[in-house]
Amino acid sequence: MNIDLPNLCNQKIFTNFFKENIKPLRNFLYFKFGDTEQANDVAQEAFTKLWENCTKVSIEKAKSYVYTIANNTTLNLIKHQKVVLQYKNSTDKQSIFIESPEFQMQEADFKQKLENAINQLTEAQRVCFLMHRIEDKKYAEIAEILGISVKAVEKRMHGALQALKNNIKEFK
């Protein structure tokens with residue numbers, strides 16, 4: 001390196017460069033990314049890296065170096081925040097499926113009441129209801145299997161649903 005050229009490792013030169021460029025760099029980062037604290041932190045970090053590499057960076061390229069370091073650091077932080085957010089969202093979705101003991105007790109209670117209510121249906125209603133809701137058969141298929149009309153199946157299903165609704169009122 002030529003001795004006549006100003007050297008960034010000289011504390012006075014670096015301090016002057018810092019004073020001239022810190023505010024514009026912070027403004028650049030703030031305008032680009034919209035976070036004051038992050039802009040301050042990243043600008044300080046960029047100048048720290050410049051000081052650490054003062055022997056490798058000429059004064060003519062120092063401004064470009066600082067802006068590049070600051071921009072890349074902020075982009076890396078944004079990438080990291082996206083990863084954190086994706087992880088948080090995926091764990092939030094998983095936690096929806098983790099059932100609390102209270103929910104498990106309520107579910108077991110509901111299943112028991114539903115089974116009791118289904119057992120209280122007439123045999124005709126119970127057969128139609130289970131064929132439709134459990135075996136996923138259509139009314140026409142049920143009618144054909146049982147040898148009755150589709151209207152009769154509809155009537156039995158309506159009666160079954162009304163009876164179930166009346167027997168399990170508290171779970172609306």
Side-chain angles (χ1 to χ4, degrees), residues 22-50 52-53 64-172:
I22 186 70
K23 189 174 180 181
L25 179 61
R26 274 188 289 195
N27 289 342
F28 166 76
L29 293 170
Y30 175 71
F31 295 148
K32 189 164 183 178
F33 302 108
D35 186 350
T36 306
E37 285 184 38
Q38 184 176 342
N40 288 330
D41 292 345
V42 171
Q44 290 291 332
E45 186 177 334
F47 277 101
T48 302
K49 286 185 181 179
L50 176 62
E52 291 169 355
N53 294 305
S64 173
Y65 179 85
V66 169
Y67 275 77
T68 302
I69 293 292
N71 192 48
N72 290 343
T73 301
T74 304
L75 291 174
N76 288 339
L77 287 171
I78 290 170
K79 278 185 193 176
H80 178 70
Q81 289 169 348
K82 285 181 182 179
V83 169
V84 169
L85 184 62
Q86 286 175 339
Y87 176 76
K88 182 183 179 302
N89 287 340
S90 71
T91 56
D92 286 348
K93 288 178 185 173
Q94 289 173 354
S95 67
I96 291 171
F97 299 111
I98 298 172
E99 299 166 348
S100 68
E102 181 182 352
F103 177 79
Q104 290 175 348
M105 287 177 39
Q106 288 175 344
E107 185 180 34
D109 188 36
F110 177 76
K111 283 181 181 179
Q112 184 61 45
K113 288 187 182 217
L114 180 61
E115 285 179 22
N116 291 339
I118 290 172
N119 289 335
Q120 291 176 4
L121 296 174
T122 66
E123 184 179 346
Q125 289 174 336
R126 186 172 50 253
V127 169
C128 283
F129 178 79
L130 292 175
M131 288 177 84
H132 180 64
R133 296 295 168 107
I134 304 299
E135 295 178 10
D136 205 27
K137 296 197 181 294
K138 301 203 181 313
Y139 286 179
E141 293 174 312
I142 297 170
E144 187 180 321
I145 292 169
L146 297 178
I148 57 176
S149 70
V150 174
K151 271 292 191 199
V153 173
E154 289 174 0
K155 184 176 179 183
R156 290 178 183 181
M157 278 298 296
H158 178 71
L161 292 172
Q162 287 296 96
L164 291 173
K165 181 180 173 185
N166 291 336
N167 286 335
I168 309 177
K169 287 182 181 178
E170 68 217 43
F171 286 102
K172 285 187 178 180

message = For Leu164 and Gln125: C-alpha separation, side-chain torsions, deciding distance, then whether side chain to side chain contact (heavy atoms under 4.5 Å, CB included) applies.
response = CA-CA 11 Å; Leu164 291 173; Gln125 289 174 336; over 6 Å; no
query = Just wondering, more than 12 heavy atoms not from Tyr30 lying within 6.0 Å of its OH?
reply = no
ask   = Can you list the steps and then say if Asn76 with His80 is a side chain to side chain contact (heavy atoms under 4.5 Å, CB included)?
value = CA-CA 6 Å; Asn76 288 339; His80 178 70; over 6 Å; no
ask   = Between OG1 of Thr74 and CG of Asp35, what distance do you get to the nearest 0.5 Å?
value = 9.0 Å
ask   = Thinking salt bridges, do Lys151 and Glu154 make one under a 4.0 Å N-O criterion?
value = yes
ask   = So, for Ala140 and Val150, which heavy atoms are closest and what is the spacing to 0.1 Å?
value = CA-CG2, 4.0 Å
query = Mind checking whether Asn167 and Lys113 have side chains closer than 4.5 Å, heavy atoms only?
reply = no
ask   = With a cut-off of 6.0 Å (strictly less than), are more than 12 heavy atoms of other residues, nucleotides or ligands near CD of Glu135?
value = yes
ask   = Within a strict 4.5 Å, meaning less than it, do heavy atoms of the Glu123 and Arg126 side chains meet?
value = yes
ask   = Rounded to the nearest 0.5 Å, how far apart are CG of Asp109 and CG of Leu114?
value = 11.5 Å
remark   = Interatomic distance, CG@Asn40 vs CD@Gln44, rounded to 0.5 Å, equals 7.5 Å
CA sep, side-chain torsions, deciding dist, call: Glu115, Asn119, side-chain hydrogen bond (donor to acceptor under 3.5 Å, both in side chains) = CA-CA 6 Å; Glu115 285 179 22; Asn119 289 335; 5.7 Å; no
key: CD on Gln120 to CG on Asn166, rounded to 0.5 Å   = 11.0 Å
request  = With the side chain counted from C-beta on, respond yes when Leu121 and Arg156 share a heavy-atom pair under 4.5 Å apart, and no when they do not.
outcome  = no
remark   = Correct closest heavy-atom pair for Leu29 and Ala39 would be CD1-O, 3.6 Å
request  = Please indicate whether Glu102 has more than 12 foreign heavy atoms, meaning atoms of other residues, nucleotides or ligands, lying under 6.0 Å from its CD.
outcome  = no
message = For the residue pair Gln112 / Asn116, report whether a side-chain donor-acceptor contact shorter than 3.5 Å exists.
response = yes
ask   = Any idea which heavy atoms bring Val42 and Ala70 closest together, and the distance?
value = CG1-O, 3.3 Å
inquiry  = Taking CD in Gln162 as the centre, count heavy atoms belonging to other residues, nucleotides or ligands within less than 6.0 Å. Is the count above 12?
reply    = yes
key: Nearest-0.5 Å distance that lies between atom NZ in Lys49 and atom OG1 in Thr68   = 12.0 Å
pair Lys137-Ile145: side-chain heavy atoms closer than 4.5 Å = yes
Nearest-0.5 Å distance, CZ of residue Phe47 to CG of residue Leu25 = 5.5 Å
